[in-house]
Every structure is written in C-alpha cells, then in structure tokens.
Amino acid sequence: MELLMSIVIGVLTACGVLMMLRARTFAVMLGLTMLSYAVNLFIFVSGGLTAGKGAVLGRSDIYSDPLPQALVLTAIVIGFAMTAFLVILAIRARADLGNDHVDGNSGKSQEDSA
C-alpha cells in the first residue's frame with residue numbers, strides 16, 4: 001500500500017509541475033490543484049496507513065492519529081480559497097488582456113510586436 005501511495009503522490013507531483021510550466025492560466029491552475037492534492041495525500045499518509053484503527057473515541061482500543069487529518073482538512077479549505085482566487089484572477093486577466101497567457105503575450109515574439 002505504501003508503494004502505491006508513493007507512486008500516486010509522485011505522479012500527481014510530476015503532473016502538477018508539468019502543468020504549472022505551461023503558458024496558459026487554466027493549465028497553471030490545474031497544476032497548482034494537482035500539486036495541492038499531492039501535498040494533501042503526503043500529509044495524510046504521513047500519519048501512517050493501517051487498517052482497523054478507530055477514528056472515533058470509544059469504538060476501538062487503538063486510535064488513528066487525528067493531526068494529519070486536521071492538517072489535510074485545513075489544507076483543503078485553503079486550497080479551495082486559492083483556486084477560487086486564481087479563477088477570478090484568470091477571468092480578470094482574460095478580460096483586461098484579451099488572452100489567457102500567463103505572461104500576457106498572445107504567443108507573438110518580441111520582434112513581431114515591435
């Protein structure tokens with residue numbers, strides 16, 4: 001199970017970094033979202049992957065660690081707020097610049113615009 005989670009976290013991180021290197025704002029937003037999912041999984045897995053531990057007091061003699069769960073819940077809320085901010089920023093940039101490139105250029109080189 002640990003190997004599978006390591007592979008999933010690695011693939012999400014690689015895809016997130018690759019998407020963040022694109023020149024379009026939507027791809028950058030998807031990359032940041034994938035990277036935040038990878039970090040959330042990493043934090044959650046850092047608490048340990050074991051079956052049969054109770055999440056609620058009084059249900060089992062052995063309990064799971066609630067700290068990674070609380071950290072992931074907080075990170076999900078912050079990630080949602082960041083994504084909402086980036087969507088509004090991308091819409092505003094598209095309206096002001098007329099394109100959705102990250103640097104504001106429409107794909108033309110510097111010689112073409114001069």
Side-chain angles (χ1 to χ4, degrees):
M1 188 67 168
E2 287 85 6
L3 179 64
L4 176 66
M5 291 305 290
S6 299
I7 291 171
V8 168
I9 292 170
V11 167
L12 275 174
T13 303
C15 290
V17 169
L18 180 68
M19 294 294 284
M20 284 176 39
L21 294 175
R22 305 277 181 189
R24 303 282 183 164
T25 54
F26 184 69
V28 171
M29 284 188 295
L30 284 178
L32 283 172
T33 304
M34 285 181 159
L35 201 57
S36 70
Y37 288 162
V39 170
N40 288 345
L41 275 176
F42 178 73
I43 292 172
F44 190 70
V45 171
S46 70
L49 294 174
T50 55
K53 287 189 177 181
V56 181
L57 294 175
R59 302 285 176 148
S60 175
D61 293 336
I62 303 170
Y63 302 109
S64 62
D65 188 14
L67 183 63
Q69 297 171 15
L71 289 174
V72 168
L73 183 62
T74 304
I76 288 170
V77 171
I78 291 170
F80 180 73
M82 178 196 65
T83 303
F85 175 73
L86 284 176
V87 166
I88 297 301
L89 189 66
I91 291 172
R92 178 65 190 260
R94 171 88 171 138
D96 288 348
L97 300 173
N99 59 29
D100 64 342
H101 287 270
V102 175
D103 59 357
N105 292 334
S106 61
K108 293 187 248 181
S109 65
Q110 294 293 339
E111 294 91 21
D112 294 340
S113 61

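Just the heavy atoms: all of them, side chains too, but no hydrogens, waters or symmetry mates, feed the values below.
Proximity of M20 to L35: side-chain heavy atoms (C-beta onward) are separated by under 4.5 Å at one or more points. Looking only at side-chain heavy atoms (C-beta outward), M19 and V28 stay at 4.5 Å or farther from each other.
The line from CG of L12 to OG1 of T33 is 11.0 Å long, rounded to the nearest 0.5 Å. Within the model, atoms CG of L4 and CD1 of I7 stand 6.5 Å from one another, a figure rounded to the nearest 0.5 Å. The CE atom of M29 sits 12.0 Å away from the CZ atom of F85 when rounded to the nearest 0.5 Å. Here the CG atom belonging to L41 is positioned 10.5 Å from the OH atom belonging to Y37, to the nearest 0.5 angstrom. Interatomic distance, CE of M34 versus CG of L18, reported as 9.5 Å (0.5 Å rounding).
There is a path of hydrophobic side-chain contacts, each under 4.5 Å, that joins V87 to L89. Note: the hydrophobic cluster containing V17 does not contain V11 (ILVMFWY, side chain heavy atoms under 4.5 Å, direct or indirect links).
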Indicate every side-chain donor-acceptor pair of residues 70-82 with a distance under 3.5 Å to a residue at least two apart or in another chain.
from: T74; atom 1: OG1; to: A70; atom 2: O; distance (Å): 2.9

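Screening residues 3-19 for salt bridge (Lys or Arg N to Asp or Glu O under 4.0 Å), with sequence neighbours left out, gives no hits. Legend: salt bridge (Lys or Arg N to Asp or Glu O under 4.0 Å) pairs involving residues 14-41, not counting sequence neighbours, sorted by first then second residue: R24-D100. The list of salt bridge (Lys or Arg N to Asp or Glu O under 4.0 Å) pairs with a residue in residues 76-89, not counting sequence neighbours, is empty. Applying the salt bridge (Lys or Arg N to Asp or Glu O under 4.0 Å) test to pairs two or more places apart or on separate chains, none has a residue in residues 29-46.
Contacts of V39 classified as side chain to side chain contact (heavy atoms under 4.5 Å, CB included), with partners at least two apart in sequence or in another chain: I43.
For the pair A90 and T25, the tightest heavy-atom approach, listed with the atom from each and the gap, is CB-OG1, 3.8 Å.
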